[in-house]
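What follows is a single structure, written as structure tokens, with notes after it.
Letters go in sequence order (proteins before strands), and every chain restarts at 1.
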There are 2 protein chains.
Amino acid sequence: MKSNREMEQLDKRKKKTIEERRQDILEAALNIFTEKGYNGSTTAEIARAAGVAEGTIFRHFATKKELLVAVLKPKILKGIISLDKEQKDPVEFFRCFLKNRLELIKENDGLVRFMFAEAQYHEEVREALSNGILGDGINIIKPWFDKGVEEGVFKPIPFPAMMRSFMGMVLFYGIFNHVFPGFSPERTIDEAADQILELFLNGLLIN
Amino acid sequence: MKSNREMEQLDKRKKKTIEERRQDILEAALNIFTEKGYNGSTTAEIARAAGVAEGTIFRHFATKKELLVAVLKPKILKGIISLDKEQKDPVEFFRCFLKNRLELIKENDGLVRFMFAEAQYHEEVREALSNGILGDGINIIKPWFDKGVEEGVFKPIPFPAMMRSFMGMVLFYGIFNHVFPGFSPERTIDEAADQILELFLNGLLIN
DNA sequence: CTATGGAGTGAGTAATCACTCATTTCTTAA
DNA sequence: TTAAGAAATGAGTGATTACTCACTCCATAG
């Protein structure tokens with residue numbers, strides 16, 4: 001019997017492991033889905049893009065919808081952990097967080113738009129988003145918001161209202177540029193983040 | 001030959017005019033589309049909901065996609081004219097405009113979410129949105145924004161950046177409540193509008 | 001070398017789709 | 001009353017769909 005190490009080497013040279021095949025399918029599905037939408041994509045097309053037979057998809061995922069959920073689940077909130085935890089200043093936290101989110105959203109532009117588009121029609125997607133963003137994401141933001149309020153730096157507005165507006169500003173960034181191409185002159189992420197942050201922190205009024 | 005008046009009365013009693021049939025189909029299509037998405041809806045289902053035969057749909061609209069565009073076009077920006085034009089104060093304008101938009105969005109919740117969801121996949125929808133919102137809508141807002149900047153009330157931030165954030169806060173209101181049901185305790189539109197306006201005008205910071 | 005089992009395959013299937021068209025039904029003018 | 005045209009109909013059509021399954025392939029175990 002060969003060692004695991006030898007088996008892995010063989011696999012790399014000749015064959016793909018089950019997990020690698022799975023990843024191929026997930027990656028292809030992500031690309032096709034984000035381009036054409038869930039109902040606009042066919043399993044045949046995904047199989048072609050993944051370089052497998054159509055039947056292989058259903059060996060890994062029982063249904064097309066199961067594939068959809070499997071595509072989205074691991075993508076939700078990816079990277080939130082990488083946030084700098086040594087921040088002590090609530091304002092600085094929001095600055096870092098916003099830039100981090102905006103970069104993530106720009107990198108995964110199609111994915112984010114796809115997620116929120118399909119969330120309109122699939123309960124499963126809404127649940128995944130709720131569990132991910134509400135379950136984990138908000139637990140990171142809320143303490144910082146509360147801290148800012150306690151320190152007298154932030155206004156004591158209701159957290160959900162703040163959250164809703166903040167997410168709107170950030171998430172709509174990609175949607176806006178996709179729906180209204182060319183309207184917003186192209187700038188760097190930093191510039192966009194600064195503009196959003198300025199509005200979010202200080203508002204439109206001057207005094 | 002009967003007068004128009006007589007014909008209309010006859011129609012009301014017995015038959016529907018072509019225009020009324022058209023409206024029936026458009027209304028049914030809107031309901032089905034917003035519930036299941038464009039690709040998730042079938043023309044058979046729409047016909048059933050409209051109380052007509054499937055063939056009748058294609059007598060009024062050459063293709064399903066033509067029906068989609070016909071559904072969305074007249075809905076875009078509906079009601080923008082009703083805005084109070086006698087406002088003189090830029091801040092008051094934004095207050096009125098925001099409440100007006102928020103009411104419109106709450107009333108047409110499914111429609112708004114549907115529009116921006118399908119805009120991801122259909123160039124025609126993006127064009128309709130661009131023409132409608134960018135063509136007419138922004139021409140209403142920009143003068144007020146410019147006026148506010150001239151009067152030294154608003155910060156001279158780039159208009160597209162302001163617009164993007166503003167639209168994000170407003171449009172995301174319905175999406176947020178749909179994707180995260182129950183997270184934001186239910187309040188009146190006025191309350192929500194005030195919260196958004198406070199953030200938009202004065203920001204999160206206190207000083 | 002041969003047997004075994006699990007991964008991969010792709011032609012096949014029943015269902016469903018957008019769209020068509022021959023036919024029926026209704027409206028109206030004479 | 002009737003002729004004629006317009007509108008509505010719904011069974012039919014070919015294309016497409018998600019999903020199945022009998023089979024092949026191949027790495028390993030004995």
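Legend: residues meeting side-chain contact (heavy atoms from CB on, under 4.5 Å) with A29(B), ordered by chain and number and at least two apart, are F33(B), I46(B), L67(B), V71(B). Checked against salt bridge (Lys or Arg N to Asp or Glu O under 4.0 Å), E66(B) has no partners two or more places apart in sequence or in another chain.
Between R21(B) and the phosphate of dA7(D), there is no side-chain N or O to OP1/OP2 separation shorter than 4.0 Å.
Each of dT9(C), dC19(C), dC17(C) was ranked by its minimum atom distance to the side chain of V52(A); first place goes to dT9(C). Side-chain atoms of H60(B) lie closest to dA8(D) of the nucleotides dT20(D), dA8(D), dG8(C). Side-chain proximity of A53(A) to dT20(D), dG10(C), dA7(D): nearest is dG10(C).
Within 6.0 Å of atom CD in E92(B), more than 12 heavy atoms from other residues, nucleotides or ligands are found, so the atom counts as buried in its surroundings.
The distance from atom OH of Y38(B) to atom C1' of dC17(C) is 12 Å, rounded to the nearest whole Å. R59(B) has its CZ atom 10 Å from the C1' atom of dC21(C), to the nearest Å. Put simply, CG on N39(A) is 15 Å from C1' on dA18(C), counting in whole angstrom units. In this structure, CD1 of I25(A) is placed 14 Å from P of dC19(D), rounded to the nearest angstrom. Note: CZ (F58(B)) to P (dC19(C)) measures 5 Å, nearest angstrom. To the nearest angstrom, P of dA7(C) lies 17 Å from CD1 of I57(A). In this structure, CD1 of I32(A) is placed 16 Å from C1' of dA18(D), rounded to the nearest angstrom. Here dT17(D) presents its P atom at 9 Å from CD of E54(A), a figure rounded to the nearest Å.
No side-chain donor-acceptor contact under 3.5 Å links T34(B) and R113(B).
Looking at K73(A) and N131(A), their side chains never come closer than 4.5 Å, going by heavy atoms from C-beta outward.
Across all strands shown, I18(B) has heavy atoms under 4.0 Å from sugar-phosphate atoms exclusively, and none from any base. Using a 4.0 Å heavy-atom distance criterion, T56(A) is classed as a base contact.
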